[in-house]
2 protein chains.
Amino acid sequence: MAIPTPGQPVRGSRSGAPIMALFDLLGRRWGMGILWHLSQGPCSFRELQQRCETISPTILNRRLKELREALFIERCDKGYCLTPLGSDLQKLLVPLGAFSRTWAEVLPHEEASS
Amino acid sequence: MAIPTPGQPVRGSRSGAPIMALFDLLGRRWGMGILWHLSQGPCSFRELQQRCETISPTILNRRLKELREALFIERCDKGYCLTPLGSDLQKLLVPLGAFSRTWAEVLPHEEASS
DNA sequence: CATGAGCGCTACAAATTATGTAGCACCCGG
DNA sequence: CCGGGTGCTACATAATTTGTAGCGCTCATG
């Protein structure tokens, strides 16, 4: 499972359009979630695992490797943290948080129906 | 494979935080890519399949169902198109395009090495 | 030095998702 | 009736993710 790289063929673009490489990387399960949770501050592997609530260590470790290779995340004394580049990316994700709340209101609610 | 819904348990949040539901939905393979390609204008199922270059009809259809249920996409005379809500979401994705190009420059290039 | 608690990380089998190919049923123009 | 387009499904195979257990390491405490 090679890490998607701009310029190389990736899912969504044989020519490796950067946006498609990014989508491929972030579109892997937990990709965006890890960036999101890590933006709350640096933390250890196990702490991150708990922030994600239900991620398995196998996949956390794999995503961590990929995101490190992509230069979004790096090791630090506290465990893991975002790089400046990763932080830039995370900031672009923030508006999605606001959007998602609007979305949640618009969507037909599926309360535990009586 | 239930569609992630804010308020229901989703991957990344047992309590169904809207942002995690959104990440779960968009984080499925091709999720963001479909929105991206569809923003180029409404098109037919097969045309969309070609814009995505390498998507299988099985998964295109599944994502389409999910995204329609999430109110991001709807049917129209030309085939499929973004809803206003979906269009809002897609606009939030646009900055990622610019970011991805910066990223592509920063990343060590893996040219076809001699 | 033994114990316990934390760390990053890996193994492995089972379950879930995605891929690729083929092809259905439908409609339209020739 | 034939060719070409549409949306979409079936099915076997492959890839990815999950969940659980536990390794080897370090550090603080007794």
Side-chain angles (χ1 to χ4, degrees), chain A residues 1-5 8-14 20-21 23-38 41-70 73-82, chain B residues 1-5 8-14 20-21 23-38 41-70 73-82:
Chain A
M1 192 182 33
I3 188 177
T5 308
Q8 308 289 118
V10 294
R11 265 184 284 251
S13 170
R14 284 183 242 271
M20 286 301 146
F23 281 168
D24 190 357
L25 184 58
L26 296 183
R28 293 174 181 187
R29 210 137 289 162
W30 293 104
M32 292 185 286
I34 289 173
L35 287 178
W36 187 269
H37 286 304
L38 213 44
C43 70
S44 70
F45 186 94
R46 286 186 169 173
E47 159 71 9
L48 189 53
Q49 206 179 340
Q50 290 188 327
R51 288 187 190 175
C52 289
E53 296 190 31
T54 59
I55 196 174
S56 71
T58 316
I59 221 59
L60 175 55
N61 188 38
R62 189 177 298 180
R63 284 297 100 84
L64 246 20
K65 271 183 193 156
E66 294 167 358
L67 293 171
R68 272 201 280 173
E69 203 166 326
I73 280 182
E74 63 190 353
R75 302 294 316 256
C76 63
D77 54 344
K78 301 233 185 62
Y80 290 95
C81 59
L82 294 176
Chain B
M1 192 182 31
I3 189 175
T5 307
Q8 307 290 118
V10 294
R11 263 183 285 252
S13 169
R14 285 184 241 269
M20 287 302 146
F23 281 169
D24 190 357
L25 185 59
L26 295 183
R28 293 175 180 185
R29 208 138 290 160
W30 293 104
M32 293 185 284
I34 289 173
L35 287 178
W36 187 268
H37 286 304
L38 213 45
C43 70
S44 70
F45 186 95
R46 288 191 165 164
E47 160 71 9
L48 188 53
Q49 206 179 340
Q50 290 187 327
R51 288 186 190 175
C52 289
E53 295 191 31
T54 57
I55 196 173
S56 71
T58 315
I59 222 58
L60 175 56
N61 188 255
R62 190 176 299 179
R63 286 297 99 84
L64 246 19
K65 273 182 191 155
E66 294 167 358
L67 293 172
R68 271 202 281 174
E69 203 165 326
I73 280 182
E74 62 190 353
R75 301 293 317 254
C76 62
D77 54 344
K78 301 232 184 64
Y80 291 95
C81 59
L82 294 177

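Just so it is clear: chains get the letters A, B, ... in the order the sequence lines come, proteins before strands, and each one is counted from 1. Since this is a predicted model, take the numbers as computed values, not measurements.
- Listed pair A:S44 / C:dC7 meets the phosphate criterion, a side-chain N or O lying under 4.0 Å from OP1 or OP2.
- The CD1-C1' distance, from B:I55 to C:dT21, rounds to 16 Å in whole Å.
- Salt bridge status for B:E69 with B:K65: absent, with no side-chain N to carboxylate O gap under 4.0 Å.
- OP1 and OP2 of C:dG8 both lie 4.0 Å or more from every side-chain N or O belonging to A:N61.
- One cannot find a donor-acceptor pair under 3.5 Å joining the base of C:dG6 and the side-chain atoms of A:R46.
- Atom-to-atom, CD of B:Q49 to C1' of D:dG5 comes out at 13 Å; the value is rounded to the nearest Å.
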Distances for protein N/O vs nucleotides 16-18 of chain C N/O pairs under 3.5 angstrom?
residue: C:dA18; atom: OP1; partner: B:R63; partner atom: NH1; Å: 3.2
residue: C:dA18; atom: OP2; partner: B:R63; partner atom: NH2; Å: 2.9

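- Judged as a salt bridge (charged side-chain N to carboxylate O under 4.0 Å, His left out), the pairs with a partner in residues 25-36 of chain A (not counting sequence neighbours) are, in order, A:D24-A:R28, A:R28-A:E66.
- Contact annotation for A:T54: backbone-only contact, meaning every heavy-atom pair under 4.0 Å involves sugar-phosphate atoms and none involves a base.
- A straight line from CZ of A:F45 to C1' of C:dG6 spans 14 Å, rounded to a whole angstrom.
- A heavy-atom distance below 4.5 Å is found between the side chains of B:L35 and B:L26.
- The distance from atom CG of A:D24 to atom P of D:dA15 is 15 Å, rounded to the nearest whole Å.
- A straight line from CG of A:L64 to P of C:dG8 spans 9 Å, rounded to a whole angstrom.
- Taking the side chain as every heavy atom from C-beta outward, A:I34 and A:Y80 never approach each other to under 4.5 Å.
- Contacts of A:K65 with the nucleic acid, taken as non-hydrogen atoms under 4.0 Å apart, involve only primed sugar atoms and P, OP1 or OP2.
- Protein atom CZ of B:F23 is 19 Å distant from nucleotide atom C1' of D:dT17, rounded to whole Å.
- In this structure, the side chain of A:R14 engages the main chain of B:E53 through a donor-acceptor pair within 3.5 Å.
- Nearest to the side-chain atoms of B:P57 among the listed nucleotides D:dC23, D:dG7, C:dA22 stands C:dA22.
- Following rounding to the nearest Å, B:L60 (CG) and C:dG20 (P) show an atom-to-atom distance of 13 Å.
- Under the 30°/60° scheme for interplanar angles, the aromatic rings of B:F23 and A:W36 are found to stand perpendicular.
- The shortest distance between side-chain heavy atoms of A:P57 and A:Q49 falls below 4.5 Å.
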